[in-house]
Undergrad: 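Supplied in structure tokens, the structure appears directly below.
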Amino acid sequence: MDPACSTKRRRVGDPGAQRADRPGTKFPEVMIFVRESKMGSSRRAMISALAREKGFGVADSFSTSVTHVVAERNQPKDVWIWLKKVSAKCGLEVLPEVLDISWLTDCMESGCRLPVEDRHRLKDESEEEVCTKSPSIPIYACQRKTPVNHLNHHFTCALEALAEGAEFSESDGRALAFRRAASVLKSLPFRVAKIEQLRGVPCLGKHSIRIIQELLDLGACKEVEQIRSNEMNKVMKVFMSVWGVGLKTATRWYRDGLRSLSEVRASPSVKLTRMQQAGFEYYRDLARPVSHVEADTITAAIRALLPNSFITITGGFRRGKDAGHDVDLLLTHPDEGGEVGLLSKLLEHLNEQGSVMFQDYRDNTYKETNAAGFNESKSTMDRFERCFTILRLPLSPRVTSHKDDKVTGRQEVNEAVTSHYTTNLRKKIPEPGERAVRVDFVVCPYSQYAFALLGWTGSQQFERDLRRYASHEKAMILSSHHLFDKQQNTFLHANTEEGIFTHLGLPYLEPSYRNAILCHDCQANGNE
Ligand code: UTP
Ligand code: MN
């Protein structure tokens with residue numbers, strides 16, 4: 001058995017932590033984990049000791065700081081299954097290199113860190129459709145222009161249906177491969193009419209090509225139709241349409257024999273979270289797309305409540321989408337530190353005017369973990385202060401029964417609303433002419449504004465590729481808080497998104513070209 005994924009925080013701050021833990025380490029940017037299975041514990045111990053002697057950092061247990069996994073005589077498939085499991089546990093999205101032991105022995109022989117060559121890599125065979133390099137179209141979504149309106153919906157919706165089906169059956173590698181294929185098709189400046197046009201286009205594996213070919217020949221694809229009519233997939237989609245319900249919950253409900261939302265509601269064994277309760281309560285309103293006009297109106301109203309702050313609309317609307325499932329607002333203040341208390345003040349105002357139907361407040365955890373930030377920064381979750389809300393539109397002043405409450409601190413606001421929510425639900429139901437809208441508020445210090453803006457603009461697939469690009473091509477770690485250069489062992493500062501692109505050596509990509517994946521793409525186009 002391998003040691004379980006270690007989430008233990010390192011004692012000393014930041015990137016130097018690994019070095020500080022291992023004074024003899026010559027290569028601070030490398031942390032090796034030797035996979036024991038098949039090798040045996042004594043050989044593993046011997047190799048680890050040798051590598052340490054040569055100045056390489058070797059981790060005893062797998063954690064987010066591992067950069068290279070090496071294995072000997074293992075089936076690549078087994079290593080990948082294990083790696084995906086432990087990475088998911090650690091919340092790690094950018095996976096380490098997975099290499100044959102020969103890379104490490106070559107490194108030890110030459111006494112330096114050798115570049116990883118393709119022959120060293122243990123390939124993830126579940127990712128059938130591996131991105132291959134092409135001279136004309138780059139492999140990373142952050143290097144391609146992907147507008148909202150592209151020309152290949154017919155194909156991308158089919159591939160995304162397959163991706164979703166793969167996700168529901170927990171085949172993450174396949175899901176990602178289909179998403180990458182869809183994403184590259186979205187960036188093509190022409191409508192695919194013949195399969196030959198796709199020669200040299202990266203990220204299209206045999207499976208995706210087969211699907212596209214069938215769609216070209218017959219106008220429909222059997223496999224896609226089967227996925228779309230599959231009972232489990234249909235039920236999972238319905239479950240996940242409830243706010244707060246993700247893959248895990250939906251799968252559990254399905255496994256428990258539940259098949260509809262009314263069965264879920266009637267089931268005595270189902271325990272809903274507060275967010276899911278609100279998801280059911282406002283189901284109809286939340287299923288209705290938020291329009292651009294509504295989003296702009298909300299943004300203007302929030303700006304009026306916080307006149308000295310910067311309020312930026314992010315998410316899909318910043319990328320030029322006409323409609324979205326929520327409104328994402330980033331709050332900051334031109335003076336560093338001036339952002340502290342902004343959100344509680346805003347929530348207080350909104351609660352006073354009776355606009356808040358639901359709120360889930362999370363405090364900033366970045367400061368606390370900053371000292372261990374290097375470890376944590378590979379996770380995609382950011383640590384900003386935030387509040388997931390459901391607001392009542394229009395955002396007009398309205399007096400609530402809590403008007404006289406002396407709510408001052410954030411905690412009190414949260415508690416007041418929580419108890420109000422549970423004891424006085426009826427007052428929280430939108431009246432005729434009103435509607436409930438999901439609004440997410442995120443607060444960042446001004447020094448992190450560019451990173452937060454870049455991170456919260458999305459799309460998810462763009463962000464994923466940008467981080468992958470930073471890590472694999474530049475040996476940098478990008479998060480919504482910072483950019484860390486592993487070779488220079490330093491944080492790179494930026495005041496604008498352009499500055500971040502420059503650090504990464506990438507041409508600036510306008511938000512309107514970052515639509516590598518639209519979360520609700522097919523539904524919005526009525527294609528599903
Ligand atoms: P959304 O889920 O709102 O996606 O997250 P979207 O692209 O705006 O799509 P619609 O239009 O609402 O359906 C917005 C972006 O915020 C980032 C993600 O990168 C996502 O692309 N995000 C979201 C985070 O960085 N952290 C989070 O916890 C949530
Ligand atoms: Mn959004």
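Start at 1 and go down the list; that is how both ligands and their atoms are numbered.
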Undergrad: Show which atoms of ligand 1 fall inside a sub-4.0 Å distance from at least one heavy-atom site of Arg319.
TA: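 Contacts of ligand 1 toward Arg319, numbered from 1: 7 (O).
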Undergrad: Should Thr457 and Arg514 be marked as a side-chain contact (heavy atoms from CB on, under 4.5 Å) after you check the CA-CA gap, both sets of side-chain angles, and the distance that decides it?
TA: CA-CA 8 Å; Thr457 297; Arg514 299 182 203 162; 3.8 Å; yes
Undergrad: As an exercise, identify every atom of ligand 1 less than 4.0 angstrom from a heavy atom of Asp382.
TA: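 Those qualifying, in numeric order: 24 (C), 25 (O), 26 (N).
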Undergrad: Could you tell me, atom by atom, which parts of ligand 1 come under 4.0 Å of a heavy atom of Gln460?
TA: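 In order of numbering, the contacting atoms are 21 (O).
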Undergrad: Is there a polar contact between ligand 1 and His325, counting only N or O atoms under 3.5 Å apart?
TA: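 By distance alone, the answer is yes.
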Undergrad: Do Ser512 and Glu510 pair up side chain to side chain, a donor and an acceptor below 3.5 Å, judged on atom types alone?
TA: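 Short answer, no.
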Undergrad: Counting both backbone and side chain atoms, is some N or O of Gly455 under 3.5 Å from an N or O of ligand 1?
TA: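 N/O-N/O distance below 3.5 Å exists for this pair.
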Undergrad: Identify the two heavy atoms, one from Asp360 and one from Met275, that lie closest to each other, and give their separation to 0.1 Å.
TA: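 In this case the closest contact between Asp360 and Met275 is OD2-CE, 3.5 Å.
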Undergrad: Using the rule ring pair (Phe, Tyr, Trp, His ring centres under 6.0 Å), only one of Phe168, Tyr283, Trp253 pairs with Phe239; which is it?
TA: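 Output: one option passes, namely Trp253.
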Undergrad: Which atoms of ligand 1 sit under 4.0 Å from any heavy atom of Asp328?
TA: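 So the atoms of ligand 1 that pass are 3 (O), 8 (O), 14 (C).
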Undergrad: Under 4.0 Å from a heavy atom of Glu463: give me the atoms of ligand 1 that qualify, with their elements.
TA: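 This gives 19 (O) as the contact atoms.
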Undergrad: Find out whether the Lys NZ or Arg CZ of Arg259 is both under 6.0 angstrom from the six-membered ring centre of Tyr254 and within 45° of the ring's axis.
TA: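 Geometry flag: set, cation within 6.0 Å and 45°.
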Undergrad: What about Ala323: any of its N or O atoms under 3.5 Å from an N or O on ligand 1?
TA: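 No, since none of the N or O atoms of Ala323 sits under 3.5 Å from an N or O of ligand 1.
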Undergrad: If you draw a sphere of radius 2.8 Å around the Mn ion (ligand 2), how many protein N/O/S atoms end up strictly inside it?
TA: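 Near the Mn ion (ligand 2), the number of protein N, O or S atoms below 2.8 Å is 2.
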Undergrad: List ligand 1 atoms under 4.0 Å from Gly315, heavy atoms only on the residue side.
TA: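 Listed by number with element: 8 (O), 14 (C).
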Undergrad: Under 4.0 Å between a side-chain nitrogen and a carboxylate oxygen: does that hold for Arg435 and Glu294?
TA: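 Salt bridge: yes.
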Undergrad: Is it the side chain, the backbone, both or neither of Thr314 that has a heavy atom closer than 4.0 Å to ligand 1?
TA: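 No part of Thr314 comes within reach of ligand 1.
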Undergrad: Show the atoms of ligand 1 that are less than 4.0 angstrom away from any heavy atom in Arg386.
TA: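 Under 4.0 Å from Arg386, ligand 1 has these atoms: 27 (C), 28 (O).
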Undergrad: Between Glu170 and Lys248 (salt bridge meaning N to carboxylate O under 4.0 Å), is one present in this structure?
TA: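 Not counted as a salt bridge, because no side-chain N and carboxylate O are separated by less than 4.0 Å.
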Undergrad: Looking at Lys237 and Glu164, is there a salt bridge between them, counting it only when a charged N and a carboxylate O are closer than 4.0 Å?
TA: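 Salt bridge present between Glu164 and Lys237.
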Undergrad: Enumerate the atoms of ligand 1 whose separation from the nearest heavy atom of Gly316 is less than 4.0 angstrom.
TA: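 What qualifies from ligand 1 is 6 (P), 7 (O), 8 (O).
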Undergrad: Return yes or no for this condition: an N or O of Asp326 is under 3.5 Å from an N or O of ligand 1.
TA: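 Right, the criterion is met.
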Undergrad: Going by side-chain contact (heavy atoms from CB on, under 4.5 Å), Phe441 matches just one of Ile311, Leu330, Leu329, Asp328. Which one?
TA: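 Single side-chain contact (heavy atoms from CB on, under 4.5 Å) partner of Phe441 among Ile311, Leu330, Leu329, Asp328: Leu329.
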Undergrad: So among Leu331, Leu346, Leu342, which one has a side-chain contact (heavy atoms from CB on, under 4.5 Å) with Ser309?
TA: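 Considering Leu331, Leu346, Leu342, a side-chain contact (heavy atoms from CB on, under 4.5 Å) with Ser309 is found only for Leu342.
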Undergrad: How about Ser447 and Glu336: does a side-chain donor come under 3.5 Å of a side-chain acceptor?
TA: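 Yes.
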Undergrad: Hey, is the main chain of Thr490 close enough, under 3.5 Å, to the side chain of Asp485 for a donor-acceptor pair?
TA: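 Not confirmed, Asp485 side chain does not pair with Thr490 backbone.
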